[in-house]
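Some notes on the structure that comes next.
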2 protein chains.
Amino acid sequence: MSAAEETGGGEEQPWGEVSPDAARRLLIAAVEAFAERGYHATTTRDIAGRAGMSPAALYIHYKTKEELLHRISRIGHDKALAILRTAADGEGTAAERLTAAVRSFVGWHAAHHTTARVVQYELDALGAEHRTEIVALRRKTDEAVRDIINDGVRAGEFDVPDVPGTTLAVLSLCIDVARWFNVAGRRTPDEVGALYADLVLRMVGAGT
Amino acid sequence: MSAAEETGGGEEQPWGEVSPDAARRLLIAAVEAFAERGYHATTTRDIAGRAGMSPAALYIHYKTKEELLHRISRIGHDKALAILRTAADGEGTAAERLTAAVRSFVGWHAAHHTTARVVQYELDALGAEHRTEIVALRRKTDEAVRDIINDGVRAGEFDVPDVPGTTLAVLSLCIDVARWFNVAGRRTPDEVGALYADLVLRMVGAGT
DNA sequence: CCTGACGGTGAGCAAGCGCTTAGGGACCGG
DNA sequence: CCGGTCCCTAAGCGCTTGCTCACCGTCAGG
């Protein structure tokens with residue numbers, strides 16, 4: 001561990017997959033700006049300024065402002081989906097897997113709420129092609145949750161009269177964390193994850 | 001019943017409180033445009049065009065584009081809060097009142113999802129003064145829901161370890177309906193309201 | 001020392017933005 | 001018929017936007 005000191009926890013640094021360094025700095029600046037003001041209210045000058053560069057520098061690494069949003073959205077969705085699947089595909093009862101899935105999915109949305117806000121709420125700002133690509137990823141997220149719930153119903157663990165509706169509500173609940181979560185608030189991402197996992201278990205009729 | 005034929009249900013027409021007629025047409029056009037593309041991506045020319053008027057006509061009835069958003073947000077919040085309180089202040093057990101509250105609040109968000117989308121998701125686009133005014137209204141919404149939950153806990157009807165957290169989650173769930181509800185979807189606003197009322201009852205430990 | 005590639009800047013263009021202003025037509029009381 | 005009021009439009013102002021282009025410093029390879 002020589003360059004770019006880690007926090008020691010073993011967690012890899014965010015946006016490590018983006019290179020070169022200048023492109024990553026621009027992307028991080030864009031995430032902050034988009035999350036704060038929204039895509040349309042953010043100017044390319046603002047993004048470049050936050051990254052400590054001139055407005056023109058942005059266009060060396062990205063063709064358009066929309067491409068920046070797409071890159072953020074794509075990477076963010078990939079990560080959220082990976083986190084969800086890791087928990088969903090684990091061992092254990094449906095209740096245990098649903099708990100793990102909600103806990104980690106919600107935890108990610110809270111801990112990375114700036115990224116999550118952009119990922120979840122700026123979908124309409126994408127161009128038509130990029131949007132359909134992202135929508136496909138969201139459908140996979142949907143399926144992952146629905147599969148756990150169906151497993152639980154089949155095993156007799158859950159009592160769910162309306163599986164598609166409940167799936168929709170569970171995901172809606174988790175995603176909306178990105179909108180209201182605030183670092184200055186009283187709850188840590190882990191605490192929110194635990195609370196939500198409990199609430200979701202109750203929703204599927206497998207409460208404590 | 002002579003002018004502006006009603007649907008017969010006794011429901012008064014939306015935005016009836018806005019006059020004169022041209023101002024109401026502009027406001028309705030703005031709601032549609034804001035809901036579709038977002039506040040910042042909507043131009044004053046677009047709003048005026050939808051209302052069948054020239055761009056300058058907007059400024060006869062509204063001082064700025066932001067004032068239009070504020071009017072929409074204010075009226076929408078008032079209406080949503082009124083609907084919630086009517087149900088919350090009714091007779092019956094806490095469970096019955098919570099059911100009625102969620103059912104009508106969610107039903108409104110689904111039926112008027114274009115308005116609700118603007119009201120709930122364009123808060124940041126308001127100016128500082130207008131935003132604090134609206135935030136105060138949202139706090140009252142929060143209190144109304146928390147009061148019912150507290151009543152239920154006190155009466156022994158509900159089992160809620162974390163009242164503020166559960167209140168937050170319930171409202172988050174209800175509000176997010178505005179984001180995903182689609183007229184082309186399979187569910188009517190009433191059906192969504194009934195489903196959500198059931199889910200919320202489970203969340204507070206008073207499930208069927 | 002020269003050369004070329006790379007990654008950056010300063011200045012600025014065309015287009016679109018929110019908003020203003022001068023003026024016109026319909027209507028109404030006298 | 002007149003004068004005033006109420007809405008509305010055509011034109012356009014000043015500014016910001018996303019994006020481009022000519023140019024430049026740095027540095028490795030020959």
Side-chain angles (χ1 to χ4, degrees), chain A residues 3-4 15 17-73 118 122 124-131, chain B residues 3-4 15 17-73 118 122 124-131:
Chain A
W15 307 114
E17 58 272 71
V18 181
S19 78
D21 186 70
R24 178 170 50 245
R25 267 160 45 219
L26 281 164
L27 190 137
I28 291 171
V31 169
E32 286 174 14
F34 290 163
E36 231 171 74
R37 318 191 198 325
Y39 175 80
H40 289 292
T42 299
T43 68
T44 55
R45 280 163 242 262
D46 183 22
I47 298 171
R50 283 176 195 244
M53 297 162 123
S54 86
L58 197 152
Y59 293 91
I60 296 167
H61 301 282
Y62 302 95
K63 259 206 310 239
T64 63
K65 180 181 155 190
E66 193 263 355
E67 189 194 316
L68 245 176
L69 176 63
H70 172 242
R71 280 269 230 285
I72 294 168
S73 198
V118 178
E122 299 289 354
D124 296 337
L126 286 170
E129 295 182 19
H130 287 159
R131 185 165 51 241
Chain B
W15 307 113
E17 57 271 71
V18 181
S19 78
D21 186 70
R24 177 169 52 244
R25 267 159 46 218
L26 282 165
L27 191 137
I28 292 172
V31 169
E32 285 175 16
F34 290 163
E36 231 171 73
R37 318 197 208 312
Y39 175 79
H40 289 292
T42 300
T43 70
T44 55
R45 281 164 241 261
D46 183 21
I47 298 170
R50 284 176 195 245
M53 298 163 121
S54 85
L58 197 152
Y59 293 91
I60 297 167
H61 301 281
Y62 303 95
K63 260 206 309 235
T64 63
K65 180 181 155 189
E66 194 264 354
E67 189 194 317
L68 246 177
L69 175 63
H70 173 242
R71 279 268 231 285
I72 295 169
S73 197
V118 178
E122 299 289 354
D124 296 337
L126 286 169
E129 294 183 18
H130 287 158
R131 185 165 52 241

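Note on naming: letters A, B, ... go to the chains in the order of the sequence lines (proteins, then strands), and numbering restarts at 1 for each one.
Using a distance-only test at 3.5 Å, with no hydrogens or angles considered, no donor-acceptor pair links the side chain of R45(B) to the main chain of P55(B).
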In B/S/- notation, 5' to 3', how is nucleotides 16-28 of chain D contacted by protein heavy atoms closer than 4.0 Å? -BBBBB-------
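Partners of E36(B) under the salt bridge (Lys or Arg N to Asp or Glu O under 4.0 Å) rule, at least two apart in sequence or in another chain, are R50(B). Scanning for side-chain hydrogen bond (donor to acceptor under 3.5 Å, both in side chains) contacts around R24(B) gives D21(B), with sequence neighbours left out. Partners of R37(B) according to the side-chain hydrogen bond (donor to acceptor under 3.5 Å, both in side chains) rule, which considers only residues two or more places apart in sequence or in another chain, are D46(B).
Nearest heavy atoms, V31(A) versus V118(A): O-CG2, 3.8 Å.
Residue pairs meeting the salt bridge (Lys or Arg N to Asp or Glu O under 4.0 Å) criterion with at least one member in residues 55-67 of chain A, sequence neighbours excluded, are E67(A)-R71(A). Each ring pair (Phe, Tyr, Trp, His ring centres under 6.0 Å) pair with one or both residues in residues 18-47 of chain B, not counting sequence neighbours, appears once here: F34(B)-Y39(B). Residue pairs meeting the ring pair (Phe, Tyr, Trp, His ring centres under 6.0 Å) criterion with at least one member in residues 51-70 of chain A, sequence neighbours excluded: H70(A)-H130(A).
Taking CZ of R131(B) as the reference point, atom OG of S73(B) lies at 11.0 Å (rounded to 0.5 Å). The CE atom of M53(B) sits 12.5 Å away from atom CD1 of I47(B), with the distance rounded to the nearest 0.5 Å.
When DNA chain C is scanned 5' to 3' for any atom under 4.0 Å from a heavy atom of chain B, the first and last hits are dC17(C) to dT21(C).
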What are the atom names and distances for every N/O pair under 3.5 Å that joins the protein to nucleotides 5-8 of chain D?
residue : atom : partner : partner atom : Å
dC8(D)  : OP2  : H61(B)  : NE2          : 2.7

